[in-house]
Colleague: 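Got a structure for you, questions after.
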Amino acid sequence: MTAEPASCTPLSEQTIVGRAQDGDIASFEILARHYQGPIFRLAYRMLSDRGDAEDVVQDTLVQVWRRLPTLTDPDRFRGWIYQIATRRCLSMLRQATRRQTQPATADDLQSAHDDNQDRSPGRNEGSHQDPASTAVHAAQIRGLQTQLHTLTAEQRACWVLRELHELTYPEIAQALLLPVSTVRGCLARARQNLARGMATWR
Amino acid sequence: MEVAPTPPIQSQLGCGRNIDDIWDHIDDPPSPHESTCPDCQTARADLADLVTATRQLRTEDTHDLHANPQVIERILTIARSEIRRGRLLPLQPATASHPSDLNISEQAIATIIRRVGDANSTIQIRRCTVRTRHPDQQSSPAAQSSVAPVPDGQPLEKPKLHVGLRVSVDITTPILEQVDNLRAAIIYAVDHEVGMNISTIDIDVDDIND
């Protein structure tokens, strides 16, 4: 991420982070606007609820503003903000699990599937694929979204951070406070479970 | 300290191949074995579908998933209410009978300095601290940001600032030249905009611009 000042060279993320650490609100705003999208998308895929995802965005960025002075290495800002956001998501999932008396039923999965169908109607219109393969692709994406619900919270986090946010293994390890080897194993299990699930949507 | 090894994953196919190997080469054409092995072909088909669906989901999410615009505004409102202005620095010297009541915050001067750096230099100012007494000259912590009032009748001297910067520099131009230019630009701008003099600018080079 870079930002354009009045003239001259684009500012690096470390520069923006350093200024935000000094209390420069304009620099914090640049960081907040840049990361709100990715954090929202992460939280939505983890929690499947817009309101909860927006809460995660707000909680995370307010935490960032308050705790920025404690960040010793501005180079690690990206891993740090993802860590705050991911832990918030996992904490909310744990609270939801404690409130729930039964595991997710087939009805829960079906309604989540239906939510995903409603979200982006006509998304593939205007695509230059033929209607048949467009429909197949649309079905597979809906299938993938539904399958994500069947993963454990940890598997879902590893997979979303790797495949949708392209974090490195060390960054994922930092986000989840797990060894890299555990992250690799978790990701492999997630892939297998998802791939097996994809077969039912083909 | 020994850590217990993670249990082995059931990632082997019926033919003995490992599913992770197939994942790693999913974008390549099938190997001679994979072309003829039903287990591998099934695994490749499943993973290929997953790869395609994943890429499309990533694109769709980026286009379609957005938080309500009010969220960012709420966050910035909270941050502004918790703003860290830093110390207040007197714009004019105090006298015994006229204590200085025109102040400017450390943050406001730092903003001027950063703007000067951005407009005039290849140097990126990352951290900026502003004091009215040099850290080496402090006699007590309480004296760090105060200026002793001048007795009435004495000639007034403008408060002097001591600035500390941590920066990232460009390696294609001589660093001393960049640093000297930046110092001159900052001294001029702070004098011109708020009428304050800078005594020292300490510059620590932390990094190199990409």
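Quick note on labels: first sequence line is chain A, next is B, and so on, each numbered from 1. Hydrogens, waters and symmetry mates play no part in the numbers below; they use all other heavy atoms, side chains included.
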Colleague: With a sphere of 6.0 Å drawn around CZ of R74(B), does it hold more than 12 non-hydrogen atoms of other residues, nucleotides or ligands?
Modeller: yes
Colleague: With a 4.5 angstrom heavy-atom cut-off, which part of Q14(A) approaches chain B: side chain, backbone, both or neither?
Modeller: both
Colleague: Out of I83(B), T62(B), T129(B), T111(B), which one racks up the most heavy-atom pairs below 4.5 Å with chain A?
Modeller: T62(B)
Colleague: Nearest heavy-atom pair of A67(B) and Q36(A): which atoms, and what distance?
Modeller: CB-OE1, 4.5 Å
Colleague: Just wondering, do L61(A) and L76(B) contact through their side chains at under 4.5 Å, heavy atoms?
Modeller: no
Colleague: So, do R19(A) and R126(B) sit near enough that their side-chain heavy atoms are less than 4.5 Å apart?
Modeller: no
Colleague: When you measure from the side chain of R80(B) to the backbone N and O of I25(A), does any donor-acceptor pair fall under 3.5 Å?
Modeller: no
Colleague: Considering only heavy atoms and a distance below 4.5 Å, find which of S12(A), P38(A), P74(A), G37(A) pairs most often with chain B.
Modeller: S12(A)
Colleague: Please classify the contact between A32(A) and chain B as side chain, backbone, both or neither, with a heavy-atom cut-off of under 4.5 Å.
Modeller: both
Colleague: Do the side chains of D46(B) and R196(A) get close enough for a salt bridge, i.e. N-O under 4.0 angstrom?
Modeller: no
Colleague: Are there over 12 heavy-atom neighbours, none belonging to D28(B), within less than 6.0 Å of that residue's CG?
Modeller: yes
Colleague: Does any backbone or side-chain atom of E29(A) lie under 4.5 Å from a heavy atom of chain B? Answer side chain, backbone, both or neither.
Modeller: both
Colleague: Just so I know, are the side chains of R114(B) and D22(A) near enough to count as touching, which here means a heavy-atom distance under 4.5 Å?
Modeller: yes
Colleague: Answer with side chain, backbone, both or neither: which region of A43(A) has an atom nearer than 4.5 Å to a non-hydrogen atom of chain B?
Modeller: neither
Colleague: Report yes if some heavy atom in the side chain of I78(B) is under 4.5 Å from a heavy atom in the side chain of Q58(A); otherwise report no.
Modeller: yes
Colleague: Atom CG in L194(A), atom OG1 in T54(B): separation rounded to 0.5 Å?
Modeller: 7.5 Å
Colleague: As an exercise, state the distance from CD1 of I75(B) to OG1 of T60(A), rounded to the nearest 0.5 Å.
Modeller: 8.5 Å
Colleague: Could you look at E82(B) and say if it's the side chain, the backbone, both or neither that has a heavy atom under 4.5 Å from chain A?
Modeller: both
Colleague: Please find the pair of heavy atoms, one from E163(A) and one from W23(B), that lie closest to each other, and give the distance.
Modeller: OE2-CZ2, 3.6 Å
Colleague: Any chance you could measure Y44(A), atom OH, to D64(B), atom CG, to the nearest 0.5 Å?
Modeller: 10.5 Å
Colleague: Only one of R45(A), R41(A), H165(A) passes side-chain hydrogen bond (donor to acceptor under 3.5 Å, both in side chains) with D61(B); say which it is.
Modeller: R45(A)
Colleague: Taking E166(A)'s backbone N and O only, do any of them form a donor-acceptor pair with R58(B)'s side chain (distance below 3.5 Å, no angle check)?
Modeller: no
Colleague: Decide if atom NE2 of H33(B) counts as having more than 12 heavy atoms of other residues, nucleotides or ligands within a radius under 6.0 Å.
Modeller: yes
Colleague: Between T52(B) and chain A, which part of the residue has a heavy atom less than 4.5 Å away: side chain, backbone, both or neither?
Modeller: side chain
Colleague: Any chance CZ of R87(A) has more than 12 other-residue heavy atoms, nucleotides or ligands included, within less than 6.0 Å?
Modeller: no
Colleague: For R33(A), is there an ion pair with E73(B) - N to carboxylate O distance below 4.0 angstrom?
Modeller: yes
Colleague: Which heavy atom in D118(B) sits nearest to a heavy atom in L11(A), and how many Å separate them?
Modeller: OD1-CD2, 3.6 Å
Colleague: Does E60(B) pair with R142(A) as a salt bridge, N-O distance under 4.0 Å?
Modeller: yes
Colleague: What residue in S168(B), A110(B), A79(B) has the most heavy-atom pairs under 4.5 Å with chain A?
Modeller: A79(B)
Colleague: Tell me which one of Q124(B), R127(B), R166(B) satisfies side-chain contact (heavy atoms from CB on, under 4.5 Å) with T15(A).
Modeller: Q124(B)
Colleague: Using non-hydrogen atoms only, which part of D207(B) is less than 4.5 Å away from chain A: side chain, backbone, both, or neither?
Modeller: side chain
Colleague: Is there a side-chain contact between F40(A) and V71(B), using heavy atoms and a 4.5 Å cut-off?
Modeller: no
Colleague: Where on L164(A) is there a heavy atom nearer than 4.5 Å to chain B: the side chain, the backbone, both, or neither?
Modeller: both
